[in-house]
Amino acid sequence: MSAVEVPEHSGAERSGAEIPVGPGFPGTWDVAVPGVGEVTWEGFYTGPYRLDPGEIDGICRALLGIGPDEVPDAAGRELRPYVSDGSPVVSVVLHSATPMLKSLEADLDDTVNGRVADDVATYVETRAVSLARPGDLVVGRTAPWRAAAALAAETDGVEVVEVPGIEYYYLSHALLRLAAAEGERSPVLARLIDTVRTRPQTLVRLYAVDLEIQIFLLYLKRAAGVPALRTDANSPEVGSYWNTKAPLHPTVTDAAALSVADLAPYEVMRAEAAVAPLGRRLGVRCPVVPGYAIDGRRPDTEAVRAQLVTAGRLFAERYGIVRGCLKPSEGGAGARIVPGLDLTDPVTLARQAERVWRAQETFVLEAHVDYLDSPLAPGVFLSPSGHVRDGHLAPGLTLQLTNGTSWQGNVFFEEEHAGQVGLSAAAYRTVRDALAELRDGFAGQDLSVVTAGFDFAVGRLGGRFGDEAQVVLQDPNLSSHGAEYLRFFRDRVLEKGGPGCAVTQVVDPALDLRALRARTDGRPPWSEVISSIPGRWGMLAVAADSPREAAARMAAWHDAWTEAGLIRPAPRR
């Protein structure tokens with residue numbers, strides 16, 4: 001889908017401004033989408049406004065006295081990535097969806113194409129409440145967030161700060177507008193500033209450390225007068241450039257320049273990975289799925305099509321691969337992915353070239369992976385992930401649950417239970433070794449990685465690789481990610497003496513969080529409703545002594561609540 005033109009707050013007409021369209025919905029807006037026309041934005045818990053680059057520039061200079069180009073260097077000096085020493089910390093939980101992942105564009109793309117949108121801004125804010133501990137402070141705006149925060153305040157002693165500016169899609173934009181308009185006169189900002197001033201060791205928990213969040217945190221830090229502000233996010237360079245898919249792959253030009261005619265496919269894969277940024281700049285040599293970065297910021301669609309044609313030729317000549325998977329380099333939760341592309345079909349390539357060019361962003365064209373099935377449950381594939389938490393390599397691995405290309409949950413397991421999920425001990429160790437190599441590669445370049453998820457694929461690439469399954473790195477998530485909710489849930493279970501394996505499942509809930517948590521029918525032991533946004537997004541979690549038992553408990557719970565009408569199957573993306 002093309003870049004989205006979102007109306008500015010000052011000049012746009014709001015339709016139905018005084019008539020809410022549902023509980024907690026602020027109203028409807030008309031949004032101009034190039035090539036499509038006017039699209040009605042309704043049924044979302046936020047408006048569609050965002051700050052344009054000129055507004056961000058002006059706010060940045062007014063708040064900080066520097067331009068946006070100078071912000072990353074300032075953030076590198078004044079924001080300190082948090083490495084845990086095991087001591088308890090008090091946190092401000094401030095999760096905002098990020099423009100880096102094109103969340104607004106993805107929600108509009110779903111709306112234009114008649115799909116149920118994720119409402120990413122709302123679920124990112126709302127689910128983050130579950131990360132708070134007693135005494136922590138949660139920040140947000142939406143009606144589902146407000147319901148979750150009120151419940152956490154009652155049950156866990158969490159403190160709540162509600163931000164005005166519901167017309168903005170991104171919480172970070174609402175905060176910047178508030179800081180520019182009111183500064184410390186705002187009770188909201190005064191509360192946040194006082195929290196950091198009186199507790200300078202406060203940890204700010206973030207979804208992503210994009211430009212807008214960096215500006216706001218620098219303002220918060222300077223207004224509070226503290227030497228540095230601690231966050232659980234990576235350094236700015238890691239959180240922006242490396243938190244995308246393109247650095248895994250060489251450009252088409254760089255790949256085509258390689259002389260690899262006489263090499264075996266595994267050697268070609270290593271040679272191409274070596275000239276990709278991950279290999280060239282960080283020295284990382286772990287296996288990466290074959291693929292090429294496609295630059296959509298070219299003068300016309302023909303220039304993009306030429307890249308796709310060349311990439312298809314390289315796949316065929318070097319690997320014997322004729323199917324690909326096209327992904328936006330900046331994207332999350334499986335949005336906007338097109339799998340199973342016929343790389344030999346000129347009509348298909350021309351159509352995708354038009355799509356990439358209209359988006360004016362970088363995409364990656366990867367070899368299509370036929371994932372191996374996991375014996376845990378039908379439709380579960382071998383897509384393991386490993387994580388860095390609070391600066392340390394986290395124990396175990398998780399297996400992603402997916403619905404089409406959309407992430408739908410995770411299963412935690414350690415090496416002793418790898419066979420239950422279908423992963424060999426050798427494959428488990430391959431992933432763990434790759435995680436250590438990735439961590440060391442970033443550290444070797446003085447790039448601070450304190451929060452990360454690295455997704456791998458275990459499956460067949462076909463072509464010259466034959467039927468042998470490969471274990472390949474496929475996606476870096478160098479920001480907060482969905483598996484954090486599984487790991488936070490598991491932490492709480494272990495603190496209470498519970499079992500160590502766990503599963504999370506994304507669902508479409510029919511009831512709000514308070515109502516779902518009050519239901520005990522069909523609910524297994526060691527379970528929790530993590531989040532609920534009725535009609536949009538929710539998450540269930542359950543723990544057990546093994547991944548097989550945890551998956552069985554989740555399946556029974558899911559079936560019971562589906563039959564009772566409490567949840568619905570998540571829509572296929």
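The basis for the numbers below is simple: all heavy atoms, side chains too, and nothing from hydrogens, waters or symmetry mates.
Classified by interplanar angle (parallel below 30°, tilted 30° to 60°, perpendicular above 60°), the ring pair Phe465/Tyr319 is parallel. Ring-plane geometry between Trp537 and Tyr123 is classed as parallel, the angle between the planes falling under 30 degrees on a 0 to 90 degree scale with a further cut at 60.
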Exercise for review: Just do the side-chain contact (heavy atoms from CB on, under 4.5 Å) check on Leu478 and Phe442 with the steps written out, would you?
Suggested key: CA-CA 11 Å; Leu478 295 167; Phe442 282 102; 3.8 Å; yes
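Taking a cutoff of 4.0 Å between a charged side-chain nitrogen and a carboxylate oxygen, Arg222 and Glu78 qualify as a salt bridge. A salt bridge is absent between Glu55 and Arg50: the closest approach of a Lys/Arg side-chain nitrogen to an acidic carboxylate oxygen does not fall below 4.0 angstrom. Comment: Lys245 does not engage Glu361 in a salt bridge, judged by the lack of any side-chain N to carboxylate O separation of less than 4.0 angstrom. Ion pairing between a basic and an acidic side chain is recognised when a charged N comes within 4.0 Å of a carboxylate O; Asp57 and Arg61 show such pairing.
Shortest non-hydrogen contact noted between Val196 and Val226 is O-CG1, 3.6 Å. For the residue pair Gly459 and Val369, the shortest heavy atom distance occurs at CA-CG1, 3.9 Å.
Under the 6.0 Å distance and 45° angle rule, Arg230 does not count as a cation-pi partner of Tyr82.
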Please tabulate, for side-chain N and O atoms in residues 444-453, each donor-acceptor pair with protein atoms closer than 3.5 Å (sequence neighbours left out).
unit_1	atom_1	unit_2	atom_2	d
Thr451	OG1	Asp232	O	2.4

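Of the residues Arg389, His387, Arg127, the one that meets the side chain to side chain donor-acceptor pair (under 3.5 Å) test with Glu484 is Arg389.
One side chain, Tyr266 or Glu468, offers a donor N or O that lies under 3.5 Å from an acceptor on the other. With hydrogens and angles left out, the side-chain atoms of Tyr169 and Asp107 include a donor and acceptor closer than 3.5 Å. Judged purely by distance below 3.5 Å, without hydrogens or angles, the side chains of Tyr292 and Glu272 pair a donor atom with an acceptor atom. Side-chain atoms of Asp455 and Asn477 form a donor-acceptor pair, as typed in the model, at a separation below 3.5 Å.
Judged as a side chain to side chain donor-acceptor pair (under 3.5 Å), the pairs with a partner in residues 426-440 (not counting sequence neighbours) are, in order, Glu415-Arg429.
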